[in-house]
Structure formats: C-alpha cells, structure tokens
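Right, one structure below, let's go through it.
Counting starts at 1 for both ligands and their atoms, in listed order. Note that the structure is a prediction, hence the values are computed from the model and not measured.
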Amino acid sequence: MAEAELHIDLGALAENWRRLAERSAAEAGAVVKADGYGLGLAPVAQALARAGARKFFTAIAEEGARLRQALGPEPEIFVFGGHMPGDAALIRDAALVPLLNSPEQMTRHLESAPQAPFGIQLDSGMNRLGMEPADWAAVRGRARALGPRLVMSHLACADAPDHPMNARQLAAFRAMTEGIDAPRSLGATGGALMDPAYHFDLTRPGIGVYGGLPFAEAQPVVTLRLPVIQTRDVSPGESVGYGMTWIAERPARIATVSGGYGDGIARGMAPQLAFFHDGVPCPVRGRISMDLIGVEVTHLPEPPEYLELLGADQRVGDLAQAAGTIGYEILTSLGQGRYARRYTGG
Ligand SMILES: *Cc1c(COP(=O)(O)O)cnc(C)c1O
C-alpha cells in the first residue's frame with residue numbers, strides 16, 4: 001500500500017483547545033479556516049464542539065456553510081472575510097455571522113437582510129482586513145444601535161509577545177471600542193498566551209489547537225508516516241535522485257518513500273529535512289520528487305517499512321523550522337496531499 005496515512009489525534013486536539021481555553025481569561029472560540037488547518041473541517045470542528053467550543057471562525061462564507069452542515073444549528077459561525085458580493089444566500093441559509101470589514105460590506109449586509117446578525121472587524125494596525133478608524137467612526141453609531149455579535153481585530157506580531165506592535169494595537173483597539181457593549185476579541189493563539197489584557201471577551205485560537213507554535217506546550221496532533229516502496233544499497237560515487245545533487249561518499253542504504261512535493265512536502269526542504277524511525281533521524285538524500293523521496297537508512301538495523309515525517313520526534317514546529325517556514329504552512333500544505341486521513345480519540 002503506497003498511500004500514506006495522515007493520522008490525526010482528535011483527543012490531543014481537544015486537549016490543546018481546553019488548555020488554551022483555561023489560559024484565556026475570556027471564553028475561547030476556535031478557528032477552523034482552510035479545512036481546519038488542513039486536518040479536515042468536519043471531524044476537527046465536531047471534536048472541538050464536543051470539547052466545549054461554541055464560537056467558530058472561518059475565512060470565507062463557503063467554509064462557513066460547510067461548517068454549519070457539520071455542526072448543526074447551535075454554534076455561532078463567524079466569517080473573517082465578511083459579506084462578499086454573492087454571499088447573501090449562503091449567509092442567510094447557513095446562519096453565518098459575517099465580520100463586516102468596511103462600510104460597503106455593512107451596507108451590502110443590511111440591504112440583503114436588515115435583521116441578520118453581524119460582527120465588526122476593525123483594523124488596529126495590521127492593514128490586512130477590517131475597518132480603518134475613519135470608516136468605523138462613520139458607521140459606529142449605526143452598528144451600535146443594531147448590536148454587533150462581536151467586535152474584533154487581529155494582532156500582527158503576537159508570536160513575539162515583547163514586540164512593541166502588540167501594545168500599540170492593544171491601545172488602538174481599546175480606543176476604537178471604548179463605550180461599545182458588544183463582546184470584544186483581539187487575540188488568537190499568541191494573544192491567548194499573552195497578558196489577559198489582550199483577551200477581552202473572547203480569544204480565537206487556531207494554530208495552538210493543532211499542535212503548532214507559539215503554543216509550546218501543545219500536544220502533537222498529527223502523525224505522518226510515509227511507506228517505504230524500495231530500499232537499495234549505493235556505492236561511493238553513485239548519486240540519488242534528479243540532478244545528481246547527492247553523491248554517496250561511502251556505502252549507503254537508501255529507502256525510497258512514497259510521497260513528495262505533490263503531497264505538500266515542499267521541494268526546497270530537501271537538504272535540511274530528516275525523517276524519523278523509532279526516534280532515529282534519517283536524512284533526505286537528493287531532491288524531493290513529486291511522489292518520491294530518497295532517505296538514508298544506512299544506520300538502521302533493518303530496512304524500515306515506513307519513515308515518519310511528523311510525530312512525537314519531529315513536531316509541526318520542528319518541521320517548519322527545518323523548512324524555513326511556519327507550522328501553518330506545513331499543516332495546510334499537507335492537507336492538500338494524497339493522504340488517507342485517519343482520526344482517533346476526541
Ligand atoms: C487565522 C486567524 C486566527 C487564528 O490565529 P492562530 O495564530 O492560528 O491562532 C485568529 N484571527 C484571525 C483574524 C485569523 O485570521
């Protein structure tokens with residue numbers, strides 16, 4: 001069997017969420033955008049709902065509608081992208097709460113359904129989404145009279161708690177929301193781990209729930225083992241893979257695993273990347289192909305049946321560091337691979 005298994009421990013996922021919720025002075029929601037950070041929207045969200053999450057966040061209305069199907073009518077589902085043209089039916093039918101990002105979105109939303117719930121996203125300095133202070137000043141009275149379900153903003157530098165941008169955004173958010181009685185939210189995983197001043201009424205953890213940094217105490221959620229298709233011995237001077245980028249200097253044993261950049265294992269990771277077998281690192285040799293990777297296993301007592309890319313020995317954050325990226329990209333890339341997803345726990 002050459003299909004690799006992405007194993008997802010829903011028990012660890014739920015435990016990470018509970019621990020982040022305990023760290024929050026406020027209620028904790030759950031961010032499940034991008035197919036639950038690549039791990040599967042429905043099973044992930046259902047496990048989090050069982051663990052007690054009542055407010056969920058998606059990026060776009062289509063995700064929100066799929067989430068509603070998975071969760072049933074109870075939980076509140078927010079959409080970071082707000083109310084885009086053409087979204088009215090989805091928002092109404094799935095009872096989504098768009099986080100309105102501009103006065104135009106507000107007009108669009110209220111024209112499509114004057115009574116429909118909404119939240120407000122404010123830009124406190126990240127310059128990505130949300131109303132600027134002047135936009136907000138123009139619609140604030142109207143929004144306030146209608147009672148937004150949530151008023152939120154997002155931190156640009158919460159993975160670096162001492163960064164001065166955090167305090168600047170906190171002050172900007174406070175100034176913009178003073179006198180508003182709607183629930184307020186500023187922090188995601190990083191914010192939930194920072195001073196309670198950043199928590200307000202609701203935190204919105206994502207990556208930490210899935211086992212990624214900056215939640216250093218997170219339990220690993222994902223295990224990825226790739227099956228070994230073939231093992232061969234190479235002599236000094238022989239090369240492995242496309243372009244002969246690795247040449248054996250001594251006799252070596254190379255295992256070819258099933259999986260490659262077509263499965264979200266970025267080709268650029270190759271020179272730094274190692275797989276693991278029972279805790280023993282096994283370095284990648286040569287280039288990563290679309291479906292195959294050569295791994296040196298000379299030092300293992302037996303040719304292995306599989307090699308582990310993610311698990312207890314190499315966590316999401318470790319792999320991200322080796323790859324020069326962040327855990328978010330590792331998870332969402334793997335989420336697009338040809339893996340059979342297997343869920344346990346939760
Ligand atoms: C992705 C996202 C989150 C979750 O962030 P994490 O760092 O994954 O915890 C929260 N809020 C907004 C607006 C986001 O885009």
Ligand 1 contact by P205, heavy-atom criterion under 4.0 angstrom:
yes
contact_flag Y37 ligand 1 heavy-atom lt 4.0 Å
yes
Atom 9 (O) of ligand 1: nearest protein contact (heavy atom, Å)
T189 OG1, 2.5 Å
Within the structure provided, determine whether Q336 and D35 are in side-chain contact (heavy-atom separation under 4.5 Å).
no
Any heavy atom of M126 under 4.0 Å from ligand 1? The part involved is neither
Any N or O of G190 that comes nearer than 3.5 Å to an N or O of ligand 1?
no
Applying side chain to side chain contact (heavy atoms under 4.5 Å, CB included) between R287 and each of L292, T245, V240, report the one that passes.
T245
Determine the minimum heavy-atom distance between P214 and I207, stating which atoms define it.
CD-CG2, 4.0 Å
shortest atom 5 (O) of ligand 1-to-protein heavy-atom contact is with A188 CB, 3.2 Å
Student check: side-chain heavy atoms of R342 and T344 closer than 4.5 Å
yes
Shortest heavy-atom approach to atom 3 (C) of ligand 1 - which of Q121, M152, K33, R128
K33
So for R204 against ligand 1, with non-hydrogen atoms under 4.0 Å, the contacting part is both
Are any side-chain N or O atoms of R204 and backbone N or O atoms of F57, one a donor and one an acceptor, separated by less than 3.5 Å?
no
Would the distance check show the side chain of S102 and the main-chain N or O of Q105 forming a donor-acceptor pair, the cut-off being under 3.5 Å?
yes
Heavy-atom nearest pair, I180 first then W136, reads CD1-CZ2, 3.9 Å
Can Y328 be said to touch ligand 1, with heavy atoms closer than 4.0 Å?
yes
Hey, is V31 touching ligand 1 through its side chain, its backbone, both or neither, going by heavy atoms under 4.0 Å?
side chain
